[in-house]
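Everything below concerns the one structure shown next.
Every chain is numbered from 1 and lettered A, B, ... according to where its sequence line falls, protein lines coming before strand lines.
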Amino acid sequence: MSFLPFAHALVARQDLPVPAWLFAWGASIVLIVSFFALSVAWRKPRFEEARWRPLGAGFARGLVSLPMQVLCGLVGVFLLGVAIYSGLRGTEAPDRNFALTFLYVTAWLGFPFFSALLGDVFRPFNPWRAVGRVAGTGFRAIAGQRPAHLSYPEKLGRWPAAIGLIAVVWLEVVYGSSGGVAVGLDPHAAATAALVYSGYTLAMMALFGTEVWCARGEVFSVYFGMFSQLGCFGVEDGRLGYRRPLAAAAHWATLPGSAAVVIASIATTSFDGAQEGAFKDAIESTFNWFADRGVDLTTSLRLTDTIFMLLCFAGIGLVYLLGVRGMRTIRGAPSLATLRIGFAHTLIPIALAYLVAHYFSLFVFQEQAQFTYLLSDPLGTAHTDLFGTASGGIDFRLISATTIWYVQVGALVVGHVLGLTLAHDRALVYWPNYREASRSQYWMLAVMVAFTCFGLYLLSVSNG
Amino acid sequence: MKNSTKAAFACLAALAIAVGLAACGGSSDETNEATATGGVTRPADSPESASMGGKVPTIVIRNGEPVGGVKQLEYDAGDEIRFEVKSDVAEEVHVHGYDLMQDVPAGGTVSFDFPAEIEGIFEAELEGRKEQIAEITVNP
């Protein structure tokens, strides 16, 4: 049986598999650079302190001022509203409707990319946070006291966000791909999901408090916020400042479940990359197994994909835990729990690298649609032309296949080296003796090399 | 450096070289294959290769589905992409990425002939049924 369809609703063009020679070069460079990164004299931790310095200029103050916060919040609420409205009232053609591209490409991929460079750019635009803050202020004005929130069960930590993250990707690449009949998630379903998610989020904010929920359970705040830890701008005490890139990540994973968030990110991206390549045969045979037992085709496919997505999560989690477990063998090692939390942030650059490697081309191509016909004709009616760009389209010649290959392999190599650097830096905290720290990192090196080779392998067989 | 550290580094270096060699060694056959199929002439034993000979590949549609499954067509950038679709149902054939559409009447045939100027993998489908009929690969 070979009618498993494209998983994505939006993909008109798929990337070519990375050729074997580039794969070999990528893998070799990773190993050699890793080797030198460890052997050079990096004997003191450098990323434990972010060295945040406030930016004094009026421009920097203006960026985080209250009127700006109100404006950004309004923009966020407005854009979410446009996406939901387009999804519910617009065309069912996924590629002609504003909703899918905006939610799953512009926001879902755009925020991680820009957050990793700049800092938390999502926070001011977060529509649910904006509504939650207005509601909180309103409550105080009317009731004359702060709303009495439940205390959040701290054991849960970021687990709700990790599960939510899997659910968001599941909706697109598992629920959306429906057994050889339709192609991908339809805009109605995406808009409905966005409405349901909004209701759930606002309820949770009312229960536990806006900022508490944003830091722990709100999927998008936690997920984009994770990447923003790599960025070089941060807000402290209401002031915008510059900080050492990557350094804020060092203290990100202190809440329980943080490792699950970053592993969920790597796992879902891996699954999406593997389902039409590396896992294709296994998925097809599992799918047939269900189908032969009388399960209808759509359910069979969704069940199969769900199983494989969860297997990815378990597998990647296991590799990480093995690496952490290995470090316990070095004399003077802290507890397993400390190590598990202590090295979670070193996977953030890997998660970003996987995102860039798998979605860079989709982002570049689909954003052309976003800013041409989807902007001018969000409902896809073919009768609207708000900004005169409705007749625009995607120029697939904008970047060549070879450029895409180099970006993919380059992202994996750079991401891996950054992850390794963060891990080495953290090891120096636990093992002040530089030699012991280095030795503990052979385990992390094995983990990182495994992730990179797995990533490269996925790209080299991106199509079955 | 202590001896144990040196030994560990030596092991790592050996591992790096071994994996590097293995990767290169493993890839050399594939690279040869790639040049063989990537060139202008193609081996006769790849029946799915589209630019083989002068014959234009035909995708036959029966009951709205491609006979023999989704047709794999492979080209190099700059080639002419030529194929025909013979259908027993009236449909619209859509080549994604290149965004080309042609109607085919029931029992009729349409031919496509366009330069392979966008690299990547594209699907051709029957637009009304959302049925994929071909996967077109354009290598750089």
* Asked: Which heavy atom in Ile118(B) sits nearest to a heavy atom in Arg397(A), and how many Å separate them?
  -> CG1-CG, 4.1 Å
* Looking only at non-hydrogen atoms, find the nearest pair between Ala401(A) and Glu119(B) and report the distance. => N-OE1, 2.6 Å
* Distance in Å, Phe122(B) CZ paired with Phe396(A) CZ, rounded so as to fall on 0.5 Å steps -> 6.5 Å
* Where on Val95(B) is there a heavy atom nearer than 4.5 Å to chain A: the side chain, the backbone, both, or neither? -> neither
* Please indicate whether Trp443(A) has more than 12 foreign heavy atoms, meaning atoms of other residues, nucleotides or ligands, lying under 6.0 Å from its CH2. => no
* Structure fact -> Residues pairing under salt bridge (Lys or Arg N to Asp or Glu O under 4.0 Å) where one sits in residues 86-109 of chain B, two or more places apart or in two chains, turn out to be Glu91(B)-Arg129(B)
* Close side-chain approach of Leu16(A) and Ile121(B), heavy atoms under 4.5 Å -> yes
* To do: Check His96(B), Glu123(B), Glu135(B) against Gln14(A) for a side-chain contact (heavy atoms from CB on, under 4.5 Å) and give me the one that passes.
  => Glu135(B)
* Check the surroundings of atom CZ in Arg328(A): do more than 12 heavy atoms from other residues, nucleotides or ligands lie under 6.0 Å from it? => yes
* Structure fact -> Bottom line for Glu117(B): the part with an atom under 4.5 Å from chain A's heavy atoms is both
* Is there a donor-acceptor pair closer than 3.5 Å between any side-chain N or O of Arg13(A) and the backbone N or O of Tyr98(B)? -> no
